[in-house]
Amino acid sequence: MLRIAVPNKGMLSEPAWNMLAEAGYRLRSNPRQLVVEDPDNGIELFYLRPLDIAVYVGRGTIDVGITGHDLLLNSGTEAKEHMELGFGASTFRFAAPNDSPISTLEDIQGKRVATSFDKLVHDYLVEHGIDAETIHLDGAVESSVQLGVADLIADVVSTGTTLRNAGLRIFADPILHSQAVLIRSPRLDEHDERLVRFSRRLQGVLTAQRYVLMDYDIPVAKVAAAVDVTPGFESPTISPLHDKQWVAVRVMVPKAKVNQLMDQLYEVGARGIIVTALQASRM
């Protein structure tokens with residue numbers, strides 16, 4: 001069976017669980033359950049701390065895991081990033097007190113930087129020729145400056161509200177843009193049949209989330225113009241109608257562009273345009 005690690009808590013946990021459920025996998029029935037066997041689908045799920053998943057995948061016996069790109073880089077393990085999963089987007093930034101003179105990357109020279117991602121931050125500073133002390137904290141790094149532990153912090157930022165409330169301001173370019181990723185063990189071949197099947201299921205969920213099925217009727221003479229608007233993946237499905245002057249078209253289109261595409265199709269001459277959500281897919 002394929003051994004899979006998923007976050008047991010944190011911002012990545014619920015989207016990861018939902019993705020696995022939509023892919024047809026069995027999840028735990030209560031929050032205390034740490035291991036779930038799903039023999040029908042050939043997997044075994046392990047609910048682990050998000051910070052530890054890359055370590056278990058890179059150094060242990062877990063085959064694949066769902067974690068953050070930032071957590072993978074900070075782990076220092078040989079776990080491999082296999083595919084992006086499209087959720088849990090975040091940005092890693094430096095922040096200093098509002099009244100601090102620190103405002104550029106060069107100003108970090110000789111300073112103390114508090115972070116939960118000490119390896120990631122250390123590597124970034126070394127890469128940019130900055131000599132600074134990184135101080136590891138497991139959480140609430142925004143309090144470290146006020147409590148005298150550090151001169152500035154480096155942390156994951158989504159809206160920046162928490163930092164502003166702590167009297168901190170963001171400065172310099174982002175250290176890293178991150179999102180949820182599927183990682184694999186260095187001992188697991190990327191072409192392993194179990195991994196290929198699991199990846200295909202997750203990709204099917206992503207496709208179903210990003211695309212919808214669009215149906216419309218169009219005069220035969222205007223099919224080419226309509227197909228230019230909605231080319232689909234390979235090619236639209238076109239079926240004859242009782243009225244020989246018209247055909248029915250079925251095509252997958254990006255969910256984010258549905259209304260614009262409907263407007264364009266109507267102007268081309270399409271009628272009876274309807275949109276259907278996708279439950280699952282294999283492309």
Side-chain angles (χ1 to χ4, degrees), residues 1-90 138 178-213 233-234 252 254-255 276-283:
M1 288 201 294
L2 191 69
R3 296 159 67 89
I4 304 167
V6 295
N8 65 350
K9 60 181 179 180
M11 64 176 289
L12 299 181
S13 59
E14 190 167 341
W17 303 342
N18 291 339
M19 173 172 277
L20 291 172
E22 291 176 26
Y25 294 110
R26 180 187 303 166
L27 303 182
R28 64 184 179 183
S29 55
N30 69 76
R32 294 188 177 185
Q33 194 173 3
L34 299 179
V35 181
V36 176
E37 292 189 2
D38 185 0
D40 291 341
N41 289 297
I43 70 163
E44 191 173 11
L45 284 181
F46 294 83
Y47 290 79
L48 302 173
R49 285 200 331 150
L51 287 169
D52 297 334
I53 288 177
V55 176
Y56 281 104
V57 173
R59 298 176 180 172
T61 59
I62 297 293
D63 297 311
V64 298
I66 295 176
T67 188
H69 175 63
D70 52 352
L71 295 172
L72 170 61
L73 293 180
N74 195 62
S75 71
T77 72
E78 296 182 1
K80 308 294 184 182
E81 185 170 320
H82 187 70
M83 66 181 286
E84 297 179 343
L85 297 178
F87 63 85
S90 62
D138 283 332
S178 183
Q179 66 168 301
V181 292
L182 178 68
I183 62 175
R184 62 178 173 85
S185 166
R187 297 168 298 281
L188 181 67
D189 188 276
E190 64 180 317
H191 302 295
D192 185 286
E193 182 181 345
R194 300 167 301 163
L195 175 59
V196 170
R197 185 183 303 112
F198 181 68
S199 303
R200 189 185 300 124
R201 282 206 190 187
L202 297 190
Q203 187 59 57
V205 172
L206 291 175
T207 302
Q209 292 173 347
R210 297 169 179 170
Y211 288 83
V212 294
L213 196 63
F233 273 88
E234 286 87 18
M252 286 176 61
K255 185 184 294 186
T276 306
L278 296 174
Q279 180 66 32
S281 69
R282 295 290 186 278
M283 304 307 297

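Throughout, numbering of the chain's residues begins at 1 and tracks the sequence.
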[atom1] of [X] to [atom2] of [Y]: how many Å apart, nearest 0.5 Å?
| X | Y | atom1 | atom2 | value |
| --- | --- | --- | --- | --- |
| Asp192 | Arg184 | CG | CZ | 10.0 Å |
| Ile4 | Asp38 | CD1 | CG | 8.5 Å |
| Ile62 | Leu48 | CD1 | CG | 6.0 Å |
| Asp63 | Glu44 | CG | CD | 9.5 Å |
| Ser75 | Asp70 | OG | CG | 10.5 Å |
| Leu72 | Ser178 | CG | OG | 9.0 Å |

Please tell me whether [X] and [Y] have a donor and an acceptor in their side chains that are separated by less than 3.5 angstrom.
| X | Y | answer |
| --- | --- | --- |
| His69 | Glu81 | yes |
| Gln203 | Ser199 | no |
| Arg201 | Asn41 | yes |

Glu78, CD: over 12 other non-hydrogen atoms inside 6.0 angstrom: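 Count not over threshold, so no.
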Counting only heavy atoms not in Arg282, do more than 12 fall under 6.0 Å of its CZ? yes
Please examine the side chains of [Y] and [X], heavy atoms only from C-beta on, and report whether any two atoms are closer than 4.5 Å.
| X | Y | result |
| --- | --- | --- |
| Pro50 | Lys9 | yes |
| His82 | Leu195 | yes |
| Gln209 | Glu22 | yes |
| Leu71 | Ile53 | no |

Please report the closest heavy-atom contact between [X] and [Y], naming both atoms and the distance.
| X | Y | result |
| --- | --- | --- |
| Thr77 | Arg59 | CG2-NE, 3.7 Å |
| Val64 | Leu2 | CG2-CD2, 4.2 Å |
| Arg26 | Leu45 | O-CD1, 3.4 Å |

Got a donor-acceptor contact below 3.5 angstrom from the [X] side chain to the [Y] backbone?
| X | Y | value |
| --- | --- | --- |
| Tyr47 | Arg28 | yes |
| Trp17 | Asn8 | no |
| Lys80 | Ile183 | no |

Who pairs with Tyr25 by ring-ring contact (aromatic ring centres under 6.0 Å, His included), at least two apart in sequence or on another chain?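 By the ring-ring contact (aromatic ring centres under 6.0 Å, His included) rule, Tyr25 matches Phe198.
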I'd like to check the ring-ring contact (aromatic ring centres under 6.0 Å, His included) partners of Phe87; sequence neighbours left out, ordered by chain and number.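 Testing Phe87 for ring-ring contact (aromatic ring centres under 6.0 Å, His included), a comparison that skips the adjacent residues, returns none.
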